[in-house]
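Working notes, beginning with the structure itself.
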Amino acid sequence: MEGFIELPVVDHARLAARFVADAERVQWHDALLWQVRLKRDRAAAEVPEWEELRRLASEIKAHVLTYLDRYLEQFEAQARACGIQVHWARDAAAHNRIVHELLATRHVRRVVKSKSMLTEECGLNPYLEARGIEVVDTDLGERIMQLLRQPPSHIVTPAIHLRREEVARLFHEKLGVPENLTPDELVAVARRVLRQKFLEAEAAITGVNFAVAETGTLVVCTNEGNADLGMHLAPVHIAAMGIEKLIPRLVDLGVFLRLLARSATGQPLTVYTTHIGRPRPGQEVHVVLVDNGRSRRLGLPRFWPALKCIRCGACMNTCPVYRRSGGYSYGATVPGPIGAILMPGYDAARYRTLPYASSLCGSCREVCPVQIDIDEQLYAWRQEVGPRYVPRLKRLAMRLAARVLASPGRYRRAGRLLRWSLRRLPRRILYGPWNGWGRARELPSAPAESFLEWYRKTRASATAQR
Amino acid sequence: MTVALFVPCYIDQFYPRVARAALTLLERLGCRVEVPLDQTCCGQPLANAGFAREARPVMAHFVRVFAPYDYIVAPSGSCVFHVRHHLEADDAEAVRHVQQRTYELCQFLREVLQVERIEARFPHRVAVHDSCHGLRGLGLGRPSERMVPAYSVVRDLLRQVDGLELVEPSRPDECCGFGGTFAVEEEAMSVRMGQDRLDDFLQAGAEVVVSTDMSCLMHLEGLARRQQLPLRFLHVAEILAGAD
């Protein structure tokens, strides 16, 4: 596909093992995200119709995705009528090109950007920087990650994997402030530095949380007000949105706003929820509608519901694997359970291990505010990537296992051999390096007799008579 | 009432005591239990690994063996979840019949037998490990993520046992980390998840951990035995059938 280059396979198990090796850090990371999950639980519990809202949101999204072509056209017409300029980008490369062109023709050298996972997905920052444009991320977490020159590890809280001491050290090194500042002091430093950037910026780039087809309105949600400051000060506002962010009507917005912040951070509402209806006098507003593989996914019968995602991150916070393996183990802009079903849709070869980075516990499905059946899609993705990419030896083992398990005679003989081995083989052989189970765990002790053998001996005569 | 006992392959081979307990329990509650001797496996281990197509002969065999029965009961939420949601075979009608008629043991006691009184005694501090497939997959209780009234089929049954004291871990339904082939392919994750689960049970003061799924317990017990932790692991059927 255009815009994609071949990248190395993401080996989640290996990256996760590296993260989990720091036992103390993983405990901290897990506890921190679990606190967010608990906040979400408390916030959701305060809404009596929570489960009803989830169902409604899921149905609205299913509807809008079913008629996406019509709603996109309606949105385009409405937005244009309001003076918002609409651009279409087939893929990441087209998106970057459009944004760069808008900036270059207006001689923009300095840009402030609020949180947008889409621009991460498209690799916009390095693209613009390579063309001499300074892009400053203004979300505090993203700013921290930008100073570190690393991608976010979480879509809502990009620097959640860093401790305050690490941030203090970073600010000391990059911004020349004293070491060991308190969190409040660090925020004050960030505010001071960013304010200058806001004032200097000639353009602001934001993401889009929701776009309303009926009115042509863009809705941006933040907790820091950084998107608002950027777009209100700069003469040019460019909003980047994936085509799946549409909702049909303004009245539908309430359903999603009630779910989004509660699911993401446990707040009733984001601190700033801004509607962009039309440009203010003298300002230009552009929206870039990006496909980048989304319409192809819409055509996948089993996997299109993943496009319902409103990027709240609740599945990451609840996922016992994400909490203990960190966002980077997924090697993707969108990590966690939702990332594990989104990414193989873009590049199945590269992200083939992600559908296996789960115990299929289903907690992600239950927290999802738009009821995406994430665990069922993980199972379905395994059926797609397993037969295609699993090494020959394992496929052979699978076929052999199937032959054994499909035949009562072979199953009995294999069972006897297995139990005999567990009981008789010396420990150093049983717990050899081949035994991935046995490095930290004892194998189950094998009885002399299986249940069916016992039953056949003691009871089967009675059954056989009937 | 005639019931076919579906004994998952790993229970047959490693935990025959659990199948015997399920048999005893069902018979004591008045069921006529048949054990189809040709049964092998439901195909879940292969299908969850991404090889549902390879598992089709296994699943077809499963359907052939169990299709003649009105009720099919298994002491394993995970295998029952697979049967209900992922079973594939050519004979669609037989598949549908088997899917609708297969019950996890506790679910069968509650929904079909509507058991009100269990004659058993177990004077210990017990923690329930809700298996994910049983809890969220089959609806054996309210998962902590859901904003609906709380209930728990397993705890309701255990409360009928004399002397048994239920204790609760701080994270009520966190996954133990077993996850089938996940336990080996993502070994580091799996072990860490299990370790955290064990710590939570010990913190809660549990002496015994019970579950509807021996697979979760096989993983947890494997970890606990390696470290010689003071915890016992029993299938819920063993307690309801009067283990001690």
Side-chain angles (χ1 to χ4, degrees), chain A residues 12-13 16-17 20-21 26 30 34 41 44-45 47 50-51 318 320-321 324-325 356-363 365-367 379 382-383 385-387 390 398-399 401-402 405-408 411 415 418-419 436-437 439-444 446-447 449-452 454-456 459-460 463, chain B residues 7 9 11-16 19-20 34-35 37-41 43 45-46 48-55 57-58 60-61 86 132-133 136-137 143-148 171 174-175 177-179 182-194 196 218-219 221-223 225-226:
Chain A
H12 182 272
V20 87
V26 83
D30 167 61
W34 184 254
D41 290 353
V47 180
W50 182 257
E51 298 299 331
T318 201
V321 176
R324 293 176 179 85
S325 65
Y356 293 95
S358 166
S359 60
L360 300 181
C361 78
S363 184
R365 165 171 41 93
E366 301 291 357
V367 293
Y379 175 85
R382 290 182 183 188
Q383 311 308 324
V385 298
V390 160
M398 287 290 163
R399 257 187 237 126
L405 294 172
S407 146
Y411 165 75
L418 177 64
R419 280 181 283 111
W437 175 277
R439 270 189 285 272
R441 293 165 287 212
E442 290 297 300
L443 291 160
E449 214 170 35
S450 77
F451 172 77
L452 291 175
W454 169 82
Y455 190 85
R456 189 185 298 272
R459 308 273 293 267
T463 312
Chain B
V7 183
C9 52
I11 288 186
D12 180 37
Q13 297 296 332
F14 299 140
Y15 305 101
R20 282 207 290 273
E34 288 195 16
V35 179
L37 288 169
D38 275 351
Q39 60 177 299
T40 56
C41 166
L46 297 169
N48 275 11
F51 293 88
R53 212 186 46 198
E54 274 76 0
V58 184
H61 176 72
H86 297 149
C132 300
H133 280 162
R136 300 191 188 90
S144 58
E145 302 89 12
R146 286 291 279 271
M147 300 302 143
V148 295
R171 299 182 186 186
E174 176 102 322
C175 176
F178 170 65
F182 177 82
V184 177
E185 281 173 358
E186 290 256 5
E187 184 213 343
M189 263 311 94
S190 171
V191 165
R192 177 69 202 224
M193 286 163 71
D196 289 349
M218 179 168 76
H219 164 65
E221 183 170 31
L223 276 170
R225 260 176 49 204
R226 176 64 62 86

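We use all heavy atoms of the structure for the numbers below, so side chains are in, but hydrogens, waters and symmetry mates are not. Here is the naming used below: chain letters follow the sequence lines, and residue numbers restart at 1 for every chain.
Between A/R324 and B/D196 there is a salt bridge, since at least one side-chain N of the basic residue sits less than 4.0 Å from a carboxylate O of the acidic one. Look at A/R382 and B/E185 and you find no salt bridge, because none of the NZ, NE, NH1 or NH2 atoms lies under 4.0 Å from a carboxylate O.
For the options A/A440, A/A45, A/A44, heavy-atom pairs under 4.5 Å to chain B are most numerous at A/A440. Heavy-atom pairs under 4.5 Å with chain A were tallied for B/E54, B/H133, B/M193; the largest tally goes to B/M193. Of the listed residues (B/G194, B/C132, B/G179), the one with the most heavy-atom contacts under 4.5 Å to chain A is B/C132. For the options A/G362, A/P320, A/A16, A/A17, heavy-atom pairs under 4.5 Å to chain B are most numerous at A/P320. Put simply, of B/G43, B/G50, B/C175, B/P45, the one with the most heavy-atom pairs under 4.5 Å next to chain A is B/G50. Of all the listed residues (A/P387, A/G415, A/P444), the one sharing the greatest number of non-hydrogen pairs under 4.5 Å with chain B is A/P444. Put simply, of B/E186, B/R225, B/M218, the one with the most heavy-atom pairs under 4.5 Å next to chain A is B/E186. In terms of heavy-atom pairs under 4.5 Å with chain A, the best-connected choice from B/I11, B/V184, B/L46, B/V7 is B/L46. Heavy-atom pairs under 4.5 Å with chain B peak, among A/S358, A/S407, A/G386, A/A21, at A/S358.
Both the backbone and the side chain of A/Q383 come within contact range of chain B, judged by heavy atoms closer than 4.5 Å. Heavy-atom distances place both the backbone and the side chain of A/R439 under 4.5 Å from chain B. With a 4.5 angstrom heavy-atom cutoff, A/Y356 touches chain B via backbone and side-chain atoms both. Looking at A/V390, the atoms closer than 4.5 Å to chain B (heavy atoms on both sides) all sit in the side chain, from C-beta outward. Within the 4.5 angstrom heavy-atom criterion, atoms from both the backbone and the side chain of B/P57 approach chain A. In this structure, the portion of A/L418 lying under 4.5 Å from any heavy atom of chain B is its side chain and not its backbone.
Looking at residues two or more places apart in sequence or on another chain, you find a side-chain contact (heavy atoms from CB on, under 4.5 Å) between B/S144 and A/R37, B/P172, B/D173. Qualifying ring-ring contact (aromatic ring centres under 6.0 Å, His included) partners for A/W454, counting only residues two or more places apart in sequence or in other chains: A/F451.
Of all the heavy atoms in B/E145 and A/S363, the pair that sits closest is OE2-OG, 2.6 Å. Across every non-hydrogen atom of A/A357 and B/F182, the tightest pair is C-CE1, 4.2 Å. Minimum heavy-atom separation, A/L405 to B/H61: O-CD2, 4.5 Å.
Other residues, nucleotides and ligands contribute at most 12 non-hydrogen atoms within 6.0 Å of the CZ atom of B/R53.
Between A/R459 and B/V35 the shortest side-chain heavy-atom distance does not fall below 4.5 Å.
Taking the six-membered ring where tryptophan is involved, the planes of A/W437 and B/F178 are perpendicular, since the angle between them exceeds 60° and thus also 30°.
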